[in-house]
Amino acid sequence: MNYQNVCIESLGFLVPDEVVSSDEIERRLTAVYERLKLPLGRLELMSGIAARRFWPTGTRPSTLSVRSCQLALEAAEMNSSEIGALIHGSVCRDFLEPATSCPVHFHLRLPERCVVYDTSNACLGILNGMLQAANMIELGQIRAALVVGSESGRSLVETTIDSLNADVTLTRQQIKSAVASLTIGSASCAVLLVHRAISRSGNRLLGAAAMARTDFHDLCTSDQDQAGHTMQPLMNTDSERLMLEGVRTGAATFDEFLHAVNWERSDIDRTYCHQVGAAHRKMMLESLRLEPERDFATFPWLGNTGSAALPITLAIGVQHQPSINERFALLGIGSGINCIMLGLEWHTTQIAGRIFGQQEREFCLSEVSSKHISEIVT
């Protein structure tokens with residue numbers, strides 16, 4: 001996939017103000033840890049995740065997505081009347097139907113001619129939406145699109161804790177399938193894509209590569225087919241094999257990606273990967289022979305935020321380290337297993353981020369940095 005006329009004009013994002021540490025989650029699992037003789041600190045040690053964040057109870061994804069889209073439009077100084085497509089790409093959504101994009105479209109007062117729908121693909125939904133929007137722009141069907149997603153980890157984490165505490169027959173081996181669920185966090189991110197002719201940023205989407213290895217679709221599954229902001233999900237994840245097969249899929253996709261954008265490894269100035277955890281990051285970068293010093297991570301303090309993880313890491317990364325004339329590789333892997341990689345040529349940072357809680361306020365990385373992440377974000 002190659003693009004001549006598509007730009008990433010801006011990004012808008014929200015992070016919650018409620019912080020839940022891995023230590024706090026382990027305290028809520030004290031009985032389980034004592035019975036299985038598990039050492040405290042195990043969760044952070046295994047994942048590299050010190051904390052994750054949760055939205056206020058009952059917050060609907062559409063509420064957050066509206067605000068993230070508004071921030072993206074404000075950062076680009078663009079009127080909502082120019083938007084020709086709105087794609088909602090998160091796992092979390094308001095209801096099974098209608099599409100969560102519908103209330104987002106309504107509250108943003110987007111044009112009636114705007115194409116509106118949801119797309120779902122685990123942690124790759126927003127990236128899939130970006131490619132769909134890019135195709136429409138490249139074909140001349142629209143001039144601008146918003147792709148957004150808002151993920152909430154509270155229900156999955158709390159339901160998992162309750163389930164583990166209730167099962168007195170649980171073994172050390174069985175608890176492994178629940179560890180990934182305890183790393184999930186919350187975030188919202190919107191990406192504004194526009195035709196090159198109306199772009200002020202010049203941040204071009206150069207190309208992309210995708211690969212599906214669905215032989216491994218059963219390595220991370222939910223126990224019920226349900227949707228809505230009040231759902232109480234449970235996940236079963238073979239974390240070790242999912243990481244191994246995911247990295248193998250990423251390595252195969254990376255070769256296709258370099259060919260698609262006509263790059264060598266040395267041409268990549270920065271990488272942004274899907275935010276799973278420390279072991280996944282290390283194995284992925286080593287497998288692709290990429291330097292960790294050029295990678296930016298948010299998982300130590302945001303956890304795994306699903307489809308929002310990669311775009312919000314891009315947004316926070318370019319805020320923290322402004323870039324001019326650099327080449328970015330966005331390396332996305334999701335359960336299924338699916339992989340999408342995007343190549344960007346970055347020139348101008350037009351990002352708006354906020355902390356969402358009782359009182360919305362400007363996002364500042366220094367507020368959330370700690371000893372756990374200082375080596376990663378500096």
Side-chain angles (χ1 to χ4, degrees), residues 1-11 84-85 87 89 119 121 123-147 189 191-213 246-247 249-274 284-285 287-291 294-296 307 309-311 313-315 317-318 323-334 336-350:
M1 287 174 272
N2 299 103
Y3 301 98
Q4 301 297 322
N5 298 301
V6 182
C7 292
I8 309 297
E9 191 66 3
S10 66
L11 297 100
I87 304 170
T119 186
N121 191 16
C123 296
L124 296 180
I126 292 179
L127 294 189
N128 278 116
M130 290 171 64
L131 291 182
Q132 293 164 2
N135 291 338
M136 286 187 270
I137 292 171
E138 190 75 12
L139 289 169
Q141 296 171 337
I142 61 173
R143 288 166 62 83
L146 281 165
V147 183
C189 191
V191 184
L192 175 61
L193 299 93
V194 305
H195 193 282
R196 192 176 182 179
I198 62 171
S199 174
R200 293 189 301 115
S201 73
N203 298 327
R204 288 188 55 210
L205 172 60
L206 300 177
M211 184 170 293
R213 291 268 178 92
V247 169
T249 303
T253 311
F254 191 66
D255 291 335
E256 297 289 333
F257 166 72
L258 291 177
H259 178 73
V261 294
N262 195 27
W263 287 353
E264 302 291 337
R265 280 176 174 79
S266 58
D267 291 325
I268 300 172
D269 296 300
R270 295 195 201 177
T271 58
Y272 298 91
C273 303
H274 176 54
M284 185 70 177
L285 293 175
S287 176
L288 302 185
R289 304 199 306 277
L290 294 170
E291 299 173 8
R294 297 188 181 189
D295 186 64
F296 185 84
S307 69
L310 201 156
T313 301
L314 169 65
V318 295
S323 303
I324 298 177
N325 302 330
E326 289 191 331
R327 290 176 171 179
F328 296 169
L330 276 56
L331 312 176
I333 301 176
I337 292 172
N338 288 290
C339 184
I340 294 177
M341 297 184 175
L342 308 180
L344 307 182
E345 184 180 81
W346 201 266
H347 300 285
T348 304
T349 297
Q350 295 187 153

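Scope of the values below: all heavy atoms of this structure, side chains included, with no hydrogens, waters or symmetry mates.
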Criterion side chain to side chain donor-acceptor pair (under 3.5 Å) against S201, the qualifying member of H347, E9, Q350: E9
Shortest non-hydrogen separation from T253 to A209 and the atoms involved: CG2-O, 4.0 Å
Heavy-atom closest contact (A133 atom, L193 atom, distance): CB-CD1, 4.3 Å
Interatomic distance, W346 atom CH2 to N203 atom CG [nearest 0.5 angstrom]: 4.5 Å
Side-chain touch H274/L124, heavy atoms, less than 4.5 angstrom: no
More than 12 heavy atoms of other groups within 6.0 Å of E345 CD: yes
Side-chain touch L331/L290, heavy atoms, less than 4.5 angstrom: yes
Closest non-hydrogen atom pair between C123 and I333, with its separation: CB-O, 4.2 Å
Spacing of R265 atom CZ and R294 atom CZ [to the nearest 0.5 Å]: 12.5 Å
Residue pair L310 / I126, side-chain heavy-atom distance below 4.5 Å: no
Heavy-atom donor-acceptor pair, D269 side chain to R327 backbone, under 3.5 Å: yes
Side-chain touch N262/N2, heavy atoms, less than 4.5 angstrom: no
N/O donor-acceptor pair under 3.5 Å between D267 side chain and E264 backbone: yes
Closest contact, heavy atoms only, I137 versus A145: CD1-N, 4.5 Å
Rounded distance (nearest 0.5 Å) linking atom CD of Q4 with atom CG of L205: 10.5 Å
V261 to G343 - nearest heavy-atom pair and separation: CG1-CA, 4.3 Å
Interatomic spacing from CD1 in I268 to CG in L344 - rounded to 0.5 Å: 11.0 Å
Residue pairs fulfilling salt bridge (charged side-chain N to carboxylate O under 4.0 Å, His left out) with at least one residue in residues 193-207, sequence neighbours excluded: E77-R200
T271 side chain near M284 side chain, heavy-atom distance below 4.5 Å: no
N135 CG: over 12 foreign heavy atoms closer than 6.0 Å: yes
From CE (M136) to CG (L131), nearest 0.5 Å: 11.0 Å
Minimum-distance pair of heavy atoms, taken over all atoms of A260 and A208: CB-O, 3.7 Å
Check: N5 main-chain N/O paired with E138 side-chain donor or acceptor under 3.5 Å: yes
Close side-chain approach of I8 to L192, heavy-atom, < 4.5 Å: no
With sequence neighbours excluded, residues passing ring-ring contact (aromatic ring centres under 6.0 Å, His included) with Y272: F328
Side-chain heavy-atom pair M341, F254 within 4.5 angstrom cut-off: yes
Heavy-atom side-chain contact between S307 and N128 under 4.5 Å: no
Rounded distance [0.5 Å steps], CG in D295 versus CG in L285: 4.5 Å
